[in-house]
J.: 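One structure follows; several queries about it will come next.
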Amino acid sequence: MSQNDIHIRRCFALAEQGRFTCRPNPVVGCVVVKDDKVLAEGWHQVAGQAHAEVCALEQAGAETVGSTVYVSLEPCVHQGRTGPCTEALIQSGITRLVYAMQDPNPLVAGKGLARLRAAGIVVDGPLLPAEAALLNPGFIKRMTMGLPYVRCKIGMSLDARTAMPSGESQWITGAAARTDVQWLRARSCAVLTGVGTLLHDDPSLTVRLENYQGLQPLRVIADTSGRTPGRAKTMNIPGNVLLACGPEAARWLQQQEVCNSGLQAECTVSAVPLLNGKLNLQKLLRLLAADWSCNEVLVEAGATLTGALLQAGLVDELVAYIAPALLGDKARPLAVLPGLEKLADRINLQFIDVAMVGEDCRIRSRVLTSH
């Protein structure tokens, strides 16, 4: 492995340290090297505060003159809540920059690299762009498609059942799997569920990890007709809740000002257009990307909403926690998928990885096709 590869991969590891605190910004890592010696390291820690490059440059101080900077994402060139990283790099006196991938943000998208080259800095890259892209799938998708990266979590038995006929489902999987799900929530900008799951299970939809210091996700309830009760647990926990309702229900709820009735949550009601009498799920996801800057959305829902998202082609990844148990053919399926009558109609997946999580098996799959 070359020194360039080693330093870029170190940037990847550093970037992960901002995973739970810097959204909606991408996670980014940076290493400053001079005379084959690492002078400083940095990562983007909190949105609105110094970016990875500035953190590393400040740590290196005057030693940055004549150095090489490695970074996992093209430096920004625009003024946001912080100044452009390109100007900080130019002023620091570095002579070379190695980047892993170009920034998909239209405000940057090659402009940062051009600015550095114009200032006389040697720019090399992209280096390991496919690996770099894995750091920020949601940010990349939001910037290029206007949609968040959607990850569906499913807890199920070996025969792919998610609840007994009565709806009883707590708990199919073990404690280790449930803790693992908390980390999925922690990395997500939003957790989405349907009103049916809310009414039946009354979930909190929050990150509940010991000593967790990261951000809490937006809690989103897909509720076409506005049935979410004010007494619901998630409505009475501090944090942001979005009720995504059909236009008529949203209008009524907004007129009644139901979200200003002593709830502990900061609740927003948004109208989402209907499609065949149900929420237009693509419009909902676009709203989350545009109005809430959501990069990654975790779906923890029942078979109806999960199936609807799959059939609409809106799911990027399935995360299935499989318990070593059988619930029988009368138990509830993982997704309602009407119309799949021939093998040609199937939804194709690609396994990403398989791991044991406590007594359960976790399978992560990429959704390849959806009908």
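Keep in mind the model is a prediction, meaning the values are calculated, not measured.
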J.: Taking distance alone, no hydrogens or angles, what donor-acceptor pairs closer than 3.5 Å link side-chain atoms of residues 187-198 to residues at least two apart or in another chain?
T.:
| residue | atom | partner | partner atom | Å |
| --- | --- | --- | --- | --- |
| Arg187 | NE | Glu296 | OE1 | 2.8 |
| Arg187 | NH2 | Glu296 | OE1 | 3.4 |
| Arg187 | NH2 | Glu296 | OE2 | 2.8 |
| Ser188 | OG | Leu184 | O | 2.6 |
| Thr193 | OG1 | Glu300 | O | 2.7 |
| Thr197 | OG1 | Gly302 | N | 3.1 |

J.: Is it true that atom CG of Asp35 has more than 12 heavy atoms of other residues, nucleotides or ligands lying nearer than 6.0 Å?
T.: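 Incorrect, the count does not exceed 12.
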J.: Assess whether atom CD of Glu16 is packed by more than 12 heavy atoms of other residues, nucleotides or ligands within 6.0 Å.
T.: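 Yes, the 6.0 Å shell around CD holds more than 12 heavy atoms from other groups.
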J.: Counting only N and O atoms by type, is there a donor-acceptor contact under 3.5 Å from the side chain of Thr64 to the main-chain atoms of Ala60?
T.: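 Side chain of Thr64 to backbone of Ala60, a donor-acceptor pair under 3.5 Å: no, none is there.
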J.: Is there a path of hydrophobic side-chain contacts, each under 4.5 Å between heavy atoms of I, L, V, M, F, W or Y residues, that connects Leu334 with Ile352?
T.: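 Different clusters: Leu334 never reaches Ile352 through Ile, Leu, Val, Met, Phe, Trp or Tyr contacts under 4.5 Å.
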J.: Show every ring-ring contact (aromatic ring centres under 6.0 Å, His included) that has at least one partner inside residues 321-349, sequence neighbours left out.
T.: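 Applying ring-ring contact (aromatic ring centres under 6.0 Å, His included) to every pair that reaches into residues 321-349, excluding sequence neighbours, yields nothing.
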J.: Check whether any side-chain heavy atom of Thr95 sits under 4.5 Å from a side-chain heavy atom of Ile121, and report yes or no.
T.: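 No, their side chains stay 4.5 Å or more apart.
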J.: Look up atom CD1 in Ile94 and atom OG1 in Thr68, then write down how far apart they are to the nearest 0.5 Å.
T.: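 With rounding to 0.5 Å, CD1 (Ile94) is 7.5 Å from OG1 (Thr68).
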J.: Using 0.5 Å steps for rounding, measure from the OG atom of Ser204 to the CE atom of Met235.
T.: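 Interatomic distance, Ser204 OG to Met235 CE, rounded to 0.5 Å: 14.0 Å.
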J.: Could you check if a side-chain atom of Pro104 sits within less than 4.5 angstrom of a side-chain atom of Glu74, using non-hydrogen atoms only?
T.: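 Of all side-chain heavy-atom pairs linking Glu74 with Pro104, none is under 4.5 Å.
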J.: Report yes if the side chains of Thr173 and Arg178 come closer than 4.5 Å at any heavy-atom pair, otherwise no.
T.: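 When only atoms from C-beta onward are counted, Arg178 and Thr173 do touch, with a gap below 4.5 Å.
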J.: Check whether any side-chain heavy atom of Arg9 sits under 4.5 Å from a side-chain heavy atom of Glu131, and report yes or no.
T.: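 A side-chain contact under 4.5 Å exists here.
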J.: Evaluate the side-chain contact (heavy atoms from CB on, under 4.5 Å) criterion for residues Thr268 and Val241: first the C-alpha distance (whole Å), next the side-chain angles of each, then the deciding distance (0.1 Å), finally the verdict.
T.: CA-CA 6 Å; Thr268 301; Val241 172; over 6 Å; no
J.: Asp360 versus Pro324: any side-chain heavy-atom pair under 4.5 Å?
T.: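 Side-chain contact under 4.5 Å: yes.
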J.: Given side-chain contact (heavy atoms from CB on, under 4.5 Å), test Leu337 with Gln311 step by step and report yes or no.
T.: CA-CA 7 Å; Leu337 297 168; Gln311 290 202 304; 3.5 Å; yes
J.: Shared ILVMFWY cluster between Ile90 and Leu73, side chains joined below 4.5 angstrom?
T.: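 Yes: a chain of side-chain contacts under 4.5 Å links Ile90 to Leu73.
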J.: Is it the case that the side chain of Asn236 and the backbone of Ala232 share a donor-acceptor pair, with hydrogens and angles ignored and the cut-off at 3.5 Å?
T.: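 The answer is yes, because a donor-acceptor pair under 3.5 Å joins these two groups.
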J.: Classify the side-chain pair Ser2/Asn4 by whether it contains a donor and acceptor separated by less than 3.5 Å.
T.: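 No, no side-chain donor-acceptor pair sits under 3.5 Å.
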J.: Begin with the C-alpha distance, continue with both residues' side-chain angles, and end with the deciding distance and a verdict on salt bridge (Lys or Arg N to Asp or Glu O under 4.0 Å) for Glu317 and Arg151.
T.: CA-CA 5 Å; Glu317 182 181 326; Arg151 184 179 285 114; 3.3 Å; yes
J.: Mark yes or no for whether Arg19, through its side chain, and Leu135, through its backbone, hold a donor-acceptor pair below 3.5 Å.
T.: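 Between the backbone of Leu135 and the side chain of Arg19 there is a qualifying donor-acceptor contact (under 3.5 Å).
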J.: Does the side chain of Arg23 come under 3.5 Å of the side chain of Asn25 through a donor N or O and an acceptor N or O?
T.: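 There is no such pair between these side chains.
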J.: Using atom types as modelled, flag every donor-acceptor pair under 3.5 Å from a side chain in residues 272-293 to any protein atom, sequence neighbours excluded.
T.:
| residue | atom | partner | partner atom | Å |
| --- | --- | --- | --- | --- |
| Asn280 | OD1 | Gln282 | N | 3.2 |
| Asn280 | OD1 | Lys283 | N | 3.1 |
| Arg286 | NH1 | Met145 | O | 2.9 |

J.: Please identify each residue that fulfils ring-ring contact (aromatic ring centres under 6.0 Å, His included) with Phe12, with sequence neighbours left out.
T.: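 Partners of Phe12 under the ring-ring contact (aromatic ring centres under 6.0 Å, His included) test: none.
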J.: Are the side chain of Asp223 and the backbone N or O of Ala244 linked by a donor-acceptor pair below 3.5 Å?
T.: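 Checking the backbone N and O of Ala244 against the side chain of Asp223, no donor-acceptor pair under 3.5 Å is found.
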J.: For the atom pair SG (Cys85) and CG (Leu57), what is the distance rounded to the nearest 0.5 Å?
T.: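 Nearest 0.5 Å value for the SG-CG distance: 8.5 Å.
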J.: Could you check whether any side-chain N or O of Asn136 sits under 3.5 Å from a backbone N or O of Ala133, counting only pairs where one atom can act as donor and the other as acceptor?
T.: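 Here the side-chain-to-backbone pair does not exist.
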J.: Indicate if Leu349 and Ile154 have the same hydrophobic cluster label, given that clusters are the connected sets of ILVMFWY residues with side-chain heavy-atom separations under 4.5 angstrom.
T.: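 Yes: a chain of side-chain contacts under 4.5 Å links Leu349 to Ile154.
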J.: Apply ring-ring contact (aromatic ring centres under 6.0 Å, His included) to Trp183 and list each qualifying residue two or more places apart in sequence or on a separate chain.
T.: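 Here the qualifying residues are Phe20.
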J.: Distance check, rounded to the nearest 0.5 Å: Asn240 atom CG versus Glu266 atom CD?
T.: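 The distance works out to 6.5 Å.
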J.: For Thr86, does its backbone N or O pair with a side-chain atom of Arg115 as donor and acceptor, under 3.5 Å?
T.: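 Absent.
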J.: Report the residues that fulfil side chain to side chain contact (heavy atoms under 4.5 Å, CB included) with Glu63, sequence neighbours left out, ordered by chain and then residue number.
T.: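 Expected list: Lys34, Leu39.
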J.: Side-chain heavy atoms nearer than 4.5 Å, only ILVMFWY residues, links allowed to pass through others: does that put Phe351 and Met156 together?
T.: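 Cluster IDs for Phe351 and Met156 match.
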J.: Let me confirm one number: the CD-OG distance from Glu53 to Ser92, rounded to the nearest 0.5 Å.
T.: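 OG of Ser92 is found 10.5 Å from CD of Glu53.
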J.: Take Val27 and Cys22, measure what side-chain contact (heavy atoms from CB on, under 4.5 Å) needs, and give me the verdict at the end.
T.: CA-CA 7 Å; Val27 296; Cys22 77; 3.7 Å; yes
J.: Taking side chain as C-beta onward, heavy atoms only, is Ser72 less than 4.5 Å from Ile8?
T.: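 They are not in contact (no side-chain heavy atoms under 4.5 Å apart), so the answer is no.
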J.: For residues Leu89 and Val69, determine if any side-chain heavy atom of one lies less than 4.5 Å from a side-chain heavy atom of the other.
T.: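 Yes; the side chains approach each other to less than 4.5 Å.
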J.: Does the side chain of Thr234 come under 3.5 Å of the side chain of Arg219 through a donor N or O and an acceptor N or O?
T.: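 Yes, Arg219 and Thr234 have a side-chain donor paired with an acceptor closer than 3.5 Å.
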J.: Supply the atom-to-atom distance Arg227 CZ to Ile221 CD1, rounded to the nearest 0.5 angstrom.
T.: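 The distance works out to 11.5 Å.
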J.: Under 3.5 Å, is there a donor-acceptor pair between the side chain of Asp159 and the main chain of Leu327?
T.: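 A pair under 3.5 Å: yes.
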J.: Could you check Ser365 against Gln350 for side-chain contact (heavy atoms from CB on, under 4.5 Å), going step by step and ending with a plain yes or no?
T.: CA-CA 5 Å; Ser365 304; Gln350 179 184 56; over 6 Å; no
J.: Can Lys233 and Asp202 be counted as an ion pair, charged N to O under 4.0 angstrom?
T.: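 Result for this pair is no, no salt bridge flagged.
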J.: Kindly indicate whether the side chain of Val38, heavy atoms from C-beta on, has any atom under 4.5 Å from the side chain of Val31.
T.: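 Val38 vs Val31: side chains touch.
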J.: Salt-bridged, Asp180 to Arg362, with N to O below 4.0 Å?
T.: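 So Asp180 pairs with Arg362 through a salt bridge.
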J.: I'd like to know if Asp316 and Lys141 make a salt bridge, using a cut-off of under 4.0 Å between side-chain N and carboxylate O.
T.: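 Salt bridge: yes.
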J.: If you count the non-hydrogen atoms of other residues, nucleotides and ligands that lie under 6.0 Å from CD in Gln182, is the total more than 12?
T.: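 Enclosed: over 12 neighbouring heavy atoms sit under 6.0 Å from CD of Gln182.
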J.: How far apart are the C-alpha atoms of Tyr99 and Asp124, what are their side-chain angles, what is the distance that settles it, and do they pass the side-chain hydrogen bond (donor to acceptor under 3.5 Å, both in side chains) test?
T.: CA-CA 7 Å; Tyr99 71 100; Asp124 292 329; over 6 Å; no
